[in-house]
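Computation of the quantities below employed the complete heavy-atom set of this structure, encompassing side-chain atoms and omitting hydrogens, waters and symmetry-equivalent molecules. Protein chains get the first letters and strands the later ones, always in sequence-line order, with residue 1 at the start of each.
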Protein chains: 2
Amino acid sequence: MQNVGLIDSKEAATLLTLPWSVIHVPRQKDILRIGASPEYLYFIEDGWAARYSIRRDGSRRITGFMLPGDSCSIHAIAREPLDHAIMAVTDCEVARIPVDLVIAAAAESPAFSVALWRSKLIDEATLRVWLTNSKDALWSVAHLICELHARLDAIGEVSDGAFVLPATQEQIGDALNLTPVHVNRMLKKLRSAGLIQVRDFKAFIPDLQALQTACAFSPSYLHLGVSTPSRH
Amino acid sequence: MQNVGLIDSKEAATLLTLPWSVIHVPRQKDILRIGASPEYLYFIEDGWAARYSIRRDGSRRITGFMLPGDSCSIHAIAREPLDHAIMAVTDCEVARIPVDLVIAAAAESPAFSVALWRSKLIDEATLRVWLTNSKDALWSVAHLICELHARLDAIGEVSDGAFVLPATQEQIGDALNLTPVHVNRMLKKLRSAGLIQVRDFKAFIPDLQALQTACAFSPSYLHLGVSTPSRH
DNA sequence: CGTGCGATTGATTGTCTTCAATAATGGTGG
DNA sequence: CCACCATTATTGAAGACAATCAATCGCACG
């Protein structure tokens, strides 16, 4: 397990001492179904995943993306069935740790317990930001790209402002409550403005500062800590 | 402290053994400001409060309502500064418990710790439902009324389908990302449809089943457990 | 008795959706 | 190897929904 998404590496080390196994989930398949009561804590090792709910009319709302190092099912600690599903956006390698062991580790180490809390608070803060941002289509697209850029940068997957963006425009729309048609137009507009170039599932941000200013993005809610510099 | 919003009364009892004090916050004033690092866990004793963020353009987004028994600042357990503010929708009585004592109680009692987790998961599930519901103005207004009804019913504040709804139409709009004008029109429409009557800060639902079906409301995400029957 | 807040209604504008058609791409089976 | 198909992206035209602008009303309060 390379990356555990917990800020303090000391707490991450606790996780690494627990036994884990890896499963493979193909693109578009569910990692966890709604209503599941997972016995494991899941971590995305490689690939992208997304939380989503299905509306009565059949449409889908993505409520969060999960990138390598993110955990899916911390809620399992409370032993509640999942109220939403989690799908693989790309082919995924998913590590899993028996939840009992995580609970035991949390009981033993207050610092580890706080790290789990902090992880949940980041999820929650992100949901609030998504709610707050859902006003203007153009800038919410830009803001999402900024968020993904910041998170990918923190795990070293950004190179000179460029990164792989495996989500389809339809999935971006599902995340932002926009039609794929409108996402396409907004991306076109952002490209014309020289802020973001997206093509063939690759994104490039020529001027990060300009983009972040334009869409009022501030990465503080992600609590990424000191990230590895993006250039490599 | 009458009501602590934790499902299992045994865990609630743990809280009740901790020393607490009560502060008064007048309507429209902040209970907690953005960036605050509260030393206390706050509980709404009486009144309504709301979490909110301010956008760059000055507009406000309400990301959740807090009713009597709800806790404001569980996140304080992770000792992170608040990323959003909390305001009093009505005059509020707010109880507070030193956060150190809560942390100590959680360390001692795994069941209490799980109860805190569950509380956070409900907040998170609610945020996801708000995101998912933000598609159709009419039904999102109806859904919000249903949510508030269900939560108020669980604390015995609903009588024969009627309850006090102290939020202004502007605040409802801020919660749903709608203008107050449009909220007004949607409420008018719901009234015409015989689903909800709102007037003078009082709401009445003539046929709960019909309303819940119409807006696809299912209270499960609130984890209210066995509620007190509404008739009294 | 004015003042301010909240609710209500009308008219107009604009954003986003819907419907539709085409193009580009990659994978599959014959 | 290539024809076929599914998926994704792209663009145009029309329509729907919600925002904006603006005015009035009712009411509580000083």
Practice problem: Assess whether side chain to side chain donor-acceptor pair (under 3.5 Å) is satisfied between B/Ser140 and B/Asn133, documenting all intermediate values. | Solution: CA-CA 6 Å; B/Ser140 63; B/Asn133 259 333; over 6 Å; no
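Residue B/Val25 comes nearest to B/Asp30 through the heavy atom pair CG1-O, 3.9 Å, listed as atom of the first residue, atom of the second, then distance. For B/Gln171 against B/Ile62, the heavy-atom pair with the smallest separation is O-CD1, 3.6 Å. When every heavy atom of A/Gly173 is checked against every heavy atom of A/Val183, the shortest pair comes out as CA-CG2, 3.5 Å.
Ranking D/dT8, D/dA22, C/dA7 by closeness to the A/Phe201 side chain, first place goes to D/dT8. The side chain of B/Thr168 lies closest to C/dG6, out of C/dG6, D/dT8, C/dT9. Set against C/dC16, D/dT20, D/dG12, the side chain of B/Thr179 has D/dT20 as its closest nucleotide. The side chain of B/His182 lies closest to D/dA19, out of D/dA19, D/dA9, D/dT8.
Atom CG in B/Asp136 sits about 9 Å away from atom C1' in D/dC17, given to the nearest Å. D/dA6 atom C1' lies 13 Å from atom CD of A/Glu170, rounded to whole Å. Nucleotide C/dC16 holds its P atom 11 Å from the CG atom of A/Leu176, rounded to whole Å. Nucleotide D/dG26 holds its P atom 16 Å from the CD atom of B/Gln169, rounded to whole Å. Between the P atom of D/dC25 and the CZ atom of B/Arg199 lies a distance of 16 Å, rounded to the nearest Å. One interatomic measurement links the two molecules: NZ of B/Lys135 to C1' of C/dT18, which rounds to 11 Å at whole-angstrom precision. Between the P atom of C/dT15 and the CG atom of B/Leu178 lies a distance of 18 Å, rounded to the nearest Å.
Residue A/Arg27 places none of its side-chain N or O atoms closer than 4.0 Å to OP1 or OP2 of D/dT7. In this structure, A/Gln28 reaches the D/dT8 phosphate: one of its side-chain N or O atoms is under 4.0 Å from OP1 or OP2.
Nearest-nucleotide mapping onto DNA chain C: of A/Asp200 and A/Leu138, the residue sitting toward the 5' end is A/Leu138.
Atom CG in A/Asp83 sits 8.0 Å away from atom OG in B/Ser220 (nearest 0.5 Å).
The only option from B/Arg27, B/Arg51, B/Arg60, B/Met66 that meets the side-chain contact (heavy atoms from CB on, under 4.5 Å) definition with B/Met87 turns out to be B/Arg60.
The stretch residues 183-194 of chain A touches DNA chain D through A/Asn184, A/Arg185, A/Lys188, each having a heavy atom under 4.0 angstrom from the strand.
A/Thr90 places a side-chain N or O within 3.5 Å of a backbone atom of A/Trp48 that can act as its donor or acceptor partner.
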